[in-house]
2 protein chains.
Amino acid sequence: MVKITIQEVAEKYDLSKDTLRYYEKEGLIGPISKNKSGIREYQEEDLNRIEFVKCMRSAGLSIAVLKEYIKLYDEGDSTKDARMKLLEKERVLLKEKIDCMEEAYQKLNYKIEYYKKEK
Amino acid sequence: MVKITIQEVAEKYDLSKDTLRYYEKEGLIGPISKNKSGIREYQEEDLNRIEFVKCMRSAGLSIAVLKEYIKLYDEGDSTKDARMKLLEKERVLLKEKIDCMEEAYQKLNYKIEYYKKEK
DNA sequence: TCTTGACTTGGAGTGTACTATAAGTAGTAT
DNA sequence: ATACTACTTATAGTACACTCCAAGTCAAGA
C-alpha cells in the first residue's frame, strides 16, 4: 500500500497544500489517514478523488455542489438517483458555459484577425 | 438618436443596474451621457461595448484585463499592436479553459452513463 | 543535544466581482 | 400638495475560494 505525502500530492496535481487541507475540511476529499505523528498519508483511492475534484473545480463546479455530491456518495447506493440528477444538472450548466466561452473565443478570433489584416 | 434607460439596458442584457454602474465606474463602459437630471442615457454605441464586455466577462476574462484593453482602445491607433497582443494572450487562456471544461464534460457524461446503465 | 525543515491546527486575511444600503433628487400620478 | 417610483451618489457588506499566519510538534542530520 503506497503512502504519499501532502507535498507530493500538491506537486502531482498542482494544488497547494493549503488547498488540499481546505478540500478535506470541506469534505470534498478524505478524511485522509494519518500516521502516529498526525501527518497525512494519502492513499491511491484518495488520489482518484482528488483528480476528480480538481477537474470539476477547474471546470467551474462549486465547492458546495461537489460537497453535496460527495455527501450523497458517502451515503451509499440509495442516493444513486439523486447523484445522477445532480450530475445531469451540472452537465447542463457546464454545457452552457462552454457554449458561452466558444462564442467569446470566436469573437476574440474575429477581432484578432481584424487587427492582423489591418497591419 | 435613440436613448435607453439603465433599466432597459439591464433587462436587455440581463445585468443588474448596479453591475452596469460598477462597470462604468471601473471604466469598462462609458462614460455614459446623462440628461439634465443626472440620469444615464445609453446610446447605441454604448450597447455594443456592453455586449462585448458581457460576453468576455461570462467567458471569464477579468475586469482588470478588460479595463486594460479598453484603456488601450481609448488611447488610439498607436496601441493597436498592444491590444492585439493582449487579445492573443487571452485567447490562449480561454482555449485552455475550454479544453479543461470539455474534459470535465466528458467525465460527467461518462459518470452519468454509468449511473444510467446500472439502473 | 541542537538546529533545521516539514508537518500540524485554528483562525484570520485576501482578491475578485459584485450587491446592498442610506440619503437624497427628480418626475409623474392622484 | 403629497405620495410613489426610479433614478443618483458614495460607501459598506457579501460570497466564494482560497491563502496566509502563529504557535506548536516531530523526525532526521550535524
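Within every chain, numbering begins at 1; the chains are lettered A, B, ... in the order of the sequence lines, protein sequences first and strands thereafter. Computation of the quantities below employed the complete heavy-atom set of this structure, encompassing side-chain atoms and omitting hydrogens, waters and symmetry-equivalent molecules.
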Practice problem: Check every nucleotide of DNA chain D for an atom under 4.0 Å from a heavy-atom of chain B, then give the first and the last such nucleotide from 5' to 3'. | Solution: dC7(D) to dT11(D)
Practice problem: Compute the bend angle of the helix from dT1(C)-dA30(D) to dT30(C)-dA1(D) from the end axes (five pairs per end), rounded to 10°. | Solution: 10°
Quiz item: Who pairs with D99(A) by side-chain contact (heavy atoms from CB on, under 4.5 Å), at least two apart in sequence or on another chain?
Solution: K95(A)
Taking distance alone, no hydrogens or angles, what donor-acceptor pairs closer than 3.5 Å link side-chain atoms of residues 100-107 of chain B to residues at least two apart or in another chain?
none

Quiz item: What pairs of residues pass the ring pair (Phe, Tyr, Trp, His ring centres under 6.0 Å) test when at least one of them lies in residues 77-97 of chain B, not counting sequence neighbours?
Solution: none
Side-chain donor-acceptor pairs under 3.5 Å in residues 66-78 of chain B, sequence neighbours left out?
residue : atom : partner : partner atom : Å
K67(B)  : NZ   : E26(B)  : OE1          : 2.6
Y69(B)  : OH   : Y115(A) : OH           : 2.9

Exercise. Rounded to the nearest 0.5 Å, what's the gap from CG on L94(B) to CG on L61(B)? Could you check?
Key: 6.5 Å
Exercise. Under 4.0 Å from any atom of DNA chain D, heavy atoms only: list the residues of residues 44-72 of chain A that qualify, in numerical order.
Key: R57(A), S62(A), I63(A)
Each nucleotide N or O in nucleotides 19-24 of chain C that has a protein N or O under 3.5 Å away: list the pair and distance.
residue : atom : partner : partner atom : Å
dA20(C) : N7   : D18(B)  : OD2          : 3.1

Compile the donor-acceptor pairs under 3.5 Å between side chains in residues 46-54 of chain A and protein atoms, sequence neighbours left out, one pair per line.
residue : atom : partner : partner atom : Å
D46(A)  : OD2  : Q43(A)  : N            : 2.9
R49(A)  : NH1  : L28(A)  : O            : 3.4
K54(A)  : NZ   : Y13(A)  : O            : 2.6

Quiz item: E24(A) and salt bridge (charged side-chain N to carboxylate O under 4.0 Å, His left out): which partner among R40(A), K34(A), K17(A)?
Solution: R40(A)
Quiz prompt | Strand contacts (DNA chain D) in residues 26-37 of chain A, 4.0 angstrom heavy-atom criterion | solution = S37(A)
Protein-nucleotides 3-7 of chain C N/O pairs closer than 3.5 Å?
residue : atom : partner : partner atom : Å
dC7(C)  : OP2  : Q7(A)   : OE1          : 3.1
dC7(C)  : OP2  : K17(A)  : NZ           : 2.7

Practice problem: Please list, by residue number, the residues of residues 92-105 of chain B whose heavy atoms come closer than 4.0 Å to an atom of DNA chain D; answer none if no residue qualifies. | Solution: none
Quiz item: Between E44(A) and K3(A), is there a side-chain N and carboxylate O pair less than 4.0 Å apart?
Solution: no
